[in-house]
Amino acid sequence: MRKLLVLAIGLSLLTGIFIFDTIRIRAEVTAAIDTSPVTSLLTVAQQQADFDLMRAALEEAHGGIYRYSSKAQMDRGFAEQRAKLNRPMTKIEFRMLLSETVALLRCGHTSVDADEQFSKAIKAIPMFPLRVRAEDDRLVVLFNDTADDQTIRPGMAVLSINGHNVNDVLARIWPLESADGDIEVGKKMHIPGSFAMYYWALVEKTDTFVIRAKDQSGRIVTATLAGVSRDDWAKNHNPVNAALLANFAKYNWGEGNLALRFVDDPKIAEMRVRLFIGDDFPKWMADTFKTLRDKGTQSLIIDLRNNGGGEDAYGALLVSYLTDKPFRYFDHISMRTISPTFKEHIDWNPEADRILREGTTVDPAGGHLVTDGLHHQLAEQSPAAVPFLGPVFVLTDGGTFSTAADFCAIAHHLKRATFIGEETGGGYQGNNSGLEVSLKLPNSQFEVHLPMYEYWNAVSPDQFPRRGTIPDHRAEMKVADLLDGRDTGLELAERLARENAK
């Protein structure tokens, strides 16, 4: 997540020609009957107009459209996806197709989001009643969101749903999830919140589920459960979730966005950064690192698990507290265009043209390069006045994304931290984000989030290409660990911190 210029795009209605009158009449009659924002029909012409608009905008303005997929691959992918627009589709079907299309870019910042009306309707539909987590090749129950079913419990592995093998279901979901490069762990982080919707949209629209599951002892159980709407998740307080919720509260320690505590006070400090945001971020960091110096802290653990990013400046700021030497944060930032042709359909900041014209130079390779006058993290960065120079241990997982992943890449490149956990969900070499526009498709009303900046971190170009920061010590948090009250990653970090403390 980045915060720079936020530009909203509203585009005029584009029309197309329907070839088969019988299809057109049937679609229009059905659409008139079904007014649901989820299952109402879009004509072939409406789908094609939205799709073509999305493709044109991506090709013109997406900063890293060919970063991970070549132009030939994208041209082929666009053509194959558009060829599927040969019949009337429901809005949910069309959204799935658009999501699969943008996922071809392999950019975690590019996504298709629903409008408010669609989102409200989808939350009211009874769907798969379990929140599940993908672990290795299994689908593990995280929460049972029914009101009182005691059969299916957290920690069980789901084997099948209404006779559908869960591995087959996941194979259908995976191509729709956007992620940076070849990173797979980031996709897993979305499963607990999105599996029910994907199952309903891709597999079957039902509100009754026959679930086969296996417990930790290997015993197989079967239960028939009614669907639960997302609106009811918070209302149901199933007692089978109580132990996991209590242990999760311990794992998710600290209040607010930033938190600090000590282990073996004052030798080991643990810092939790949930997001790189907030007006208080710079002062909190200054006060915290002064405290570490005053207390004589010897080892520092920084927990960035499930940190989705934030301000570029704050990522560079945290690095500055871990070194006593000047450093580079971003190597360069490129743009395909600084003046999109579709900007007349955007709530464009009147100053945007001037800002981008004055803040960029022409790239000899094509497009434009952002200058350090527009983006200060392109300049050489200075170390903080009170840096911490002792051993640093950083906890990461697939939710460590965007600015959090950039911080990890630079700290790794500078050899200022040992990494524990999972590969970061954001790319080591950088990502596409920053200046993001929201393209509203006129017929479906879906919004395509389109990043215009292509960031390249100041790291070795040969290190972890197409991947995130790979941890020095792997420690994946699993549901079984949460049930046992264990945080394996943090336990390992504390052990290594003690070994390194004087």
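All values below come from the heavy atoms of this structure, side chains included, with hydrogens, waters and symmetry mates left out. Heads up: numbering here begins at 1 and tracks the sequence.
- Relative orientation of the F248 and Y251 rings is tilted, given thresholds of 30° and 60° on the angle between their planes.
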Check your understanding: Do D50 and K440 pass the salt bridge (Lys or Arg N to Asp or Glu O under 4.0 Å) test, and can you show the C-alpha distance, the side-chain angles, and the key distance before you say yes or no?
Key -> CA-CA 9 Å; D50 278 5; K440 190 164 188 177; over 6 Å; no
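- Sorted by first and then second residue, the salt bridge (charged side-chain N to carboxylate O under 4.0 Å, His left out) pairs involving residues 349-362 (not counting sequence neighbours) are K343-D353, E351-R354, R354-E358.
- Classification of D52 and R82 as a salt-bridged pair holds, one side-chain N sitting under 4.0 Å from a carboxylate O.
- Applying the salt bridge (charged side-chain N to carboxylate O under 4.0 Å, His left out) test to pairs two or more places apart or on separate chains, those with a residue in residues 418-429 are K188-E422, E423-R467.
- Sequence neighbours left out, not one pair with a member in residues 170-192 passes ring pair (Phe, Tyr, Trp, His ring centres under 6.0 Å).
- Of the possible donor and acceptor atoms, one in the side chain of T400 sits under 3.5 Å from a partner among the backbone N and O of L304.
- Considering all non-hydrogen atoms of both residues, N457 and G427 come closest at ND2-O, 4.1 Å.
- Scanning for ring pair (Phe, Tyr, Trp, His ring centres under 6.0 Å) contacts around F195 gives F128, with sequence neighbours left out.
- At a threshold of 4.0 Å, the pair D303-R274 does not count as salt-bridged, since none of the basic side-chain nitrogens sits closer than that to a carboxylate oxygen.
- For E177, the salt bridge (charged side-chain N to carboxylate O under 4.0 Å, His left out) criterion is met by no residue, not counting sequence neighbours.
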**Study point:** Stepwise side-chain contact (heavy atoms from CB on, under 4.5 Å) check, L441 with V112
**Key:** CA-CA 10 Å; L441 305 179; V112 178; 5.7 Å; no
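- At distances below 3.5 Å, at least one donor-acceptor pair connects side-chain atoms of H376 with backbone N or O atoms of D372.
- With sequence neighbours excluded, no residue forms a ring pair (Phe, Tyr, Trp, His ring centres under 6.0 Å) with H62.
- There is a side-chain donor-acceptor pair under 3.5 Å between Y428 and H412.
- Of the N and O atoms on the side chains of N431 and D180, not one donor lies less than 3.5 Å from an acceptor on the other residue.
- Ion pairing between R95 and E93 fails under the 4.0 Å rule for side-chain N and carboxylate O.
- Every ring pair (Phe, Tyr, Trp, His ring centres under 6.0 Å) that F446 has, sequence neighbours left out, goes to F118.
- With contacts defined as side-chain heavy-atom distances shorter than 4.5 Å, the pair L450/L58 qualifies.
- Salt bridge D231/K123: absent, no basic N to carboxylate O contact under 4.0 Å.
- Between D397 and R305 no salt bridge is recorded (no basic side-chain N to carboxylate O distance below 4.0 Å).
- Summarising the geometry of L378 relative to V370, their closest heavy-atom pair is CD1-O, 3.2 Å, with the distance given to 0.1 Å.
- The nearest pair of heavy atoms linking L439 to M54 is CD2-CA, 3.8 Å.
- Taking a cutoff of 4.0 Å between a charged side-chain nitrogen and a carboxylate oxygen, D75 and K71 qualify as a salt bridge.
- For the pair S178 and C107, the minimum side-chain heavy-atom distance is 4.5 Å or more.
- With hydrogens and angles ignored, the 3.5 Å screen pairs a side-chain donor or acceptor of N144 with a backbone N or O of I152.
- Residues satisfying the ring pair (Phe, Tyr, Trp, His ring centres under 6.0 Å) criterion with Y314, sequence neighbours excluded, are F281.
- The pair D145-K235 does not meet the salt-bridge criterion, since no charged nitrogen lies less than 4.0 angstrom from a carboxylate oxygen.
- A salt bridge links R106 with D182: the distance from a Lys NZ or Arg NE/NH1/NH2 to an Asp or Glu carboxylate oxygen falls below 4.0 Å.
- The closest side-chain donor-acceptor pair between Y455 and Q429, if any, does not fall under 3.5 angstrom.
- With hydrogens and angles left out, the side-chain atoms of S438 and E447 include a donor and acceptor closer than 3.5 Å.
- Remark: K84 engages E100 in a salt bridge (charged side-chain N to carboxylate O under 4.0 Å, His left out) (not counting sequence neighbours).
- Checked by atom type and distance alone, the side chain of Q73 pairs as donor or acceptor with a backbone atom of S70 at under 3.5 Å.
- Between E204 and N162, the side chains place a donor N or O and an acceptor N or O closer than 3.5 Å (distance only, hydrogens not considered).
- Note on ring orientation: taking the six-membered ring where Trp is involved, the planes of H109 and F401 are parallel (angle under 30°, cut-offs 30° and 60°).
- A donor-acceptor contact under 3.5 angstrom links the side chains of D232 and S229, judged on distance only.
- Identified under the salt bridge (charged side-chain N to carboxylate O under 4.0 Å, His left out) test for residues 328-340, with sequence neighbours left out: none.
- Checked against salt bridge (charged side-chain N to carboxylate O under 4.0 Å, His left out), E380 has no partners two or more places apart in sequence or in another chain.
- Of all the heavy atoms in N236 and V228, the pair that sits closest is ND2-CG1, 3.8 Å.
- For S69 (side chain) and L104 (main-chain N/O), a donor-acceptor pair under 3.5 Å exists by modelled atom type.
- Smallest separation of non-hydrogen atoms from A49 and N443: CB-ND2, 3.7 Å.
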Show every donor-acceptor pair shorter than 3.5 Å between a side-chain atom in residues 359-367 and any protein atom, with sequence neighbours excluded, or say none if there are none.
from: T360; atom 1: OG1; to: L356; atom 2: O; distance (Å): 2.6
from: D363; atom 1: OD1; to: A365; atom 2: N; distance (Å): 3.0

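- A donor-acceptor distance shorter than 3.5 angstrom exists from the side chain of R172 to the backbone of L202, with no hydrogens or angles considered.
- Neither side chain, S320 nor Q381, offers a donor N or O lying under 3.5 Å from an acceptor on the other.
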